[in-house]
Every structure is written in C-alpha cells, then in structure tokens.
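Step one of this worksheet: look at the structure below.
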Amino acid sequence: MSYSRSRWPLSVMVVMLISVLPMGATHAQPDEATPAERGAHQQVARGQDVSYEIVQLAPAYRNGQILHQSTIGSGITEYSRLLVGIIEKKEDAEFPEYDKSAINLIDQGSGAVAFPWISEDCYPYFWATRWRPISAGRDGSVLGVVNCIHKTDSSKNKNMVVHWESEKVLPRTILSASPQEVQYSLFHGTEDGHLLHVDLDTKKHVYSTYVTSLDGASRRISPSDPSSEVYGTDLAEQGTVAGVILPHADAGQLATTDILQKPFVASGGSSLPEMLPLPAGVTAPSARKTPATIKVSPDGRRIIGAIGTHTIAWDAQRRPTILSSTSAITPVKLLNGNKALVNSIWGPGILRGGEIRPLVVADMPPGAKLQTVAGINTSQEIAATLLLPSGLTQAVLLSPSS
C-alpha cells in the first residue's frame, strides 16, 4: 500500500497492551539507526500445535437486545473478561440513526455487561455511531471511540475517545476532534487507563504520537529531527512507547526516493525516541509502506518487530537478533518469560524460544474459521474473532485445553 501525502486509509485499530521498558537500558543514538556490528540469527521453527477451546459465554447485547450482527474480540483482561465490540451492519452505514454498534465486557461469572451507548457530548444534536472498544482496565472501566454525526451540518461532525468508569454511568470524553482537522489513526490502551494515539493532521498531512491519561494530561513523542514524524505502535504500562520514525516530505519526493522507516523506543516518561539498532544485513522497510509493527513485553525486557521481511527481537540491552526471514512472523502481544502471541505463515500461534506452536481450536463451530487474535493474558487465554459461514464474525474467548 503506497505511502504518500494522502497516507494510508484510516481505521481505528484497538488492542489492549501491557508492557514496561526498564530505565537505563542501552540504546543506539537517537539520530541514526545503523545496523548492529554483530547481529545473531535464530531461525524460528514450527513446533507442535497447541490446543485451545472456546469458552462458553453469554452473547453480547445492546439496549437489552441480543443482536444478530458481527462482533469482534478486542482484548482480554487478567480476570478473564473478554472485551467485545458489536459492529454496525453494512446496510446501516449510510443511516447513522439506525446504528446499533456497542461495547460489552463478558465473562463466565457475571455474563455480558453492556456499556451505555449515549454520550452527553453527542446528544441531542448528533447521532452516536461506530462505537469501538479500545481497552479494559483492571477495575472494569473501559476506553472506547465513537463517531458523532451532526444531524444537520456535517462540518460539525467529531470523533471522540470516551471513558466509562463502569457500566452504570455515561462515558466521559477524553479526546475530541473534527475529522476535517484531525483523524485518529491508531489507538492502544493500558490497564491503568493510559492511551496511545496517533493523530493525522489532515491539513499538514503529518502524523503525531501522544500518550494521554484519563485526567487529560498529554505527552507528545517528538523526534529530534523536525523533518520526521513519529508513528507509535505500542504503549507500556509505565509509559514506554515503541514504533517507527517516518520522514515527512512532499508526495513527489516520496514517489522517487526510497526513504526508510526507523524503529524506535521512548523509555518510560521520555518524549524523545531512541533508535533501535538493526542486525547487519537487515534493511528497514520503505516509508511508502504501512508502518512496521513493533511490540514490547510487560516487563520491558524484550521487543519484537516485523521489519520488512525479517522478524527482529531486541533483548533488555537492545541487542538485536533475527528470529526469522521466511516465516512472516508479526507480533500481536508479548508476555513475560520469552512468550508472545503472533501471526505467521502457520496462522496465529504462541512463540516461545525458537519455535512457534500454531493454535488449533478443538470445538470450532461447523464451517467457522479463526479470523484474528487480538490479545492474550498471563493465563494464556486469548481474545479472538471467528469468521462464520454466514459471513458474520463472532468474538470468542479461547482457553488452553486441559
């Protein structure tokens, strides 16, 4: 997909992430991402399949009604609560008054809990549409995003990030912007309520990365080179941000010049990104391509990134190792103890050490397929989405088979 002044099609991506990068780790200098003089190489192999089963949960609902439309599994808490988004029907997309999207938290104990789908900042002059979950906190609170469509004047439309303290109260607005000025490109939330968001200035065509807390305090990750842009892809519980540095230039220059993305990490509360070194022989992907996916473990001791055709791991000292150049490994969520939920040529799986164990769902509904995985907790329960024969999708909680 081309990287140009028009940028990539913008869509909200939501994943709950927990990671901490230790202070005092050794990094490359922030002004240059040079290949490491010595980069180890470890070719990850396919291991035995790991068996999972679908946990039987109550169906998601909205306004007391169980809706026969698609749902997505967006995240999983440490308390086995599945964060679910109910997706609006395609045929209702042009009629916001009929939108029936919603957000649920579901577990085996308390069943499904639906969060209020009315916002005081949208009512009564707007339709609140396309509700999407971002993350769930350890206290049961939820971050989500909503589009507010003005009933008579589209120039007043706005997109908002909101926070529910519980399902018993209306959401409070954390961020709000006109899509004619700012478009949110990506979100990640932590369990303590901090939010990573990547904003595209639609007039200047520049990406900016911020970390915002529930009280509205915000920190911008700023590159040392003012001609560069920061595109964050992961956020740690203690504020560490990982992602890529992108060049900012006119569309004509990007069309004729092969400028590269540069992976970075901004430690703790730092606003200055530091470049992650690349192994010898590895070239970063072109800035004309979609930003590379880079994830951090909860304790901050490990980073994994899909860098072009290579998958790179960085240890606590930020020394790089090539995990694979042939298995198309993309990290989804890292755990402590050298484990990660990943996608690969073998489908979703658990990466541990030098092997990937592909997921096999033992009790899959007839004709259904495992479409995506979105998160994993320390019990190795997984938030996932199935594609059903009807074309609808279904959010599911997967648990390791006993």
- [ ] Taking side-chain contact (heavy atoms from CB on, under 4.5 Å) as the test, write out the residues that go with Ala60, two or more places apart.
- [x] Thr71, Val84, Ile86, Asn104, Ile106
TODO: Kindly say whether Thr129 contributes a backbone atom to a donor-acceptor pair with the side chain of Ser101 at under 3.5 angstrom?
DONE: no
TODO: For Ser270, check side-chain contact (heavy atoms from CB on, under 4.5 Å) against everything at least two apart and list the hits.
DONE: Leu272
Open item on the list: When you compare the side chain of Tyr79 with that of Leu105, does any pair of heavy atoms fall below 4.5 Å?
Closed with: no
Open item on the list: With a 3.5 Å distance limit and no angle check, can you tell me whether Ser213 reaches the backbone of His194 through a side-chain donor-acceptor pair?
Closed with: no
TODO: Would you indicate whether Gln69, at its atom CD, is surrounded by more than 12 heavy atoms from other residues, nucleotides or ligands within a distance under 6.0 Å?
DONE: yes
Task: Least distance between heavy atoms, Val230 atom then Pro223 atom - done: CG2-CD, 3.5 Å
- [ ] Could you check if a side-chain atom of Ser74 sits within less than 4.5 angstrom of a side-chain atom of Ile72, using non-hydrogen atoms only?
- [x] yes
- [ ] Sequence neighbours left out, what passes salt bridge (charged side-chain N to carboxylate O under 4.0 Å, His left out) with Asp107? Give chain and number order.
- [x] Arg81
TODO: Could you tell me which residues satisfy salt bridge (charged side-chain N to carboxylate O under 4.0 Å, His left out) with Arg352, sequence neighbours excluded, listed by chain and number?
DONE: none
Task: Contacts of type side-chain contact (heavy atoms from CB on, under 4.5 Å), residue Pro59, not counting sequence neighbours - done: Ile66
Task: CD-OG distance between Gln180 and Ser154, expressed to the nearest 0.5 angstrom - done: 6.5 Å
TODO: Quick one: pull up CG in Leu351 and CG in Asn343 and give me the separation to the nearest 0.5 Å.
DONE: 11.5 Å
Task: Atom pair NE2 (His197) and CG (Leu143), whose distance is rounded to the nearest 0.5 Å - done: 10.5 Å
Open item on the list: Parallel, tilted or perpendicular: which one describes the rings of Tyr207 and Tyr231, with boundaries at 30° and 60°?
Closed with: perpendicular
Task: Carboxylate-amine/guanidinium contact Arg132 Glu88, below 4.0 Å - done: yes
- [ ] Can you establish whether the number of heavy atoms outside Lys151 located under 6.0 Å from its atom NZ is more than 12?
- [x] yes
- [ ] Please list, chain by chain and in numerical order, all residues satisfying salt bridge (charged side-chain N to carboxylate O under 4.0 Å, His left out) with Asp315, sequence neighbours excluded.
- [x] Arg319
Open item on the list: Quick check against the 3.5 Å criterion: does Ser324 have a side-chain atom that pairs as donor or acceptor with the backbone of Thr326?
Closed with: yes
Task: Where Pro389 and Pro366 come nearest, the two heavy atoms and their spacing - done: CG-O, 3.4 Å
Open item on the list: Suppose the criterion is side chain to side chain donor-acceptor pair (under 3.5 Å): which pairs have a residue in residues 111-121, not counting sequence neighbours?
Closed with: Asp121-Thr173
Open item on the list: Applying side chain to side chain donor-acceptor pair (under 3.5 Å), can you list everything that pairs with Arg46, at least two apart in sequence or on another chain?
Closed with: Asp49
Task: Shortest non-hydrogen contact from Leu278 toward Pro320 - done: C-CG, 4.1 Å
Open item on the list: Any heavy-atom pair between the side chains of Trp127 and Asp99 that's under 4.5 Å?
Closed with: no
Open item on the list: Which residues pass the side chain to side chain donor-acceptor pair (under 3.5 Å) test with Ser228, not counting sequence neighbours?
Closed with: none
TODO: Give every residue pair that meets the side chain to side chain donor-acceptor pair (under 3.5 Å) criterion with at least one member in residues 371-385, sequence neighbours excluded.
DONE: Glu78-Thr378, Ser80-Glu381, Asn377-Glu381
Task: Backbone N/O of Gln65 and side chain of Asn63: donor-acceptor pair under 3.5 Å - done: no
Task: side-chain contact (heavy atoms from CB on, under 4.5 Å) against Ser222, all qualifying residues, sequence neighbours excluded - done: Arg220
Task: Any donor-acceptor N/O pair, Arg302 side chain to Ala340 backbone, under 3.5 Å - done: no
Task: Minimum side-chain heavy-atom gap Ser178-Lys158 below 4.5 Å - done: no
TODO: Kindly compute the distance separating CG (Leu335) from CD1 (Ile350), expressed to the nearest 0.5 Å.
DONE: 7.5 Å
Task: Rounded distance (nearest 0.5 Å) linking atom CG of Leu370 with atom CG of Leu386 - done: 6.5 Å
Task: Side chains of Val332 and Lys295 in contact at under 4.5 Å (non-hydrogen atoms) - done: no
Task: Qualifying ring pair (Phe, Tyr, Trp, His ring centres under 6.0 Å) pairs, either residue in residues 158-182, two or more places apart - done: Phe115-Trp164, Trp131-Trp164
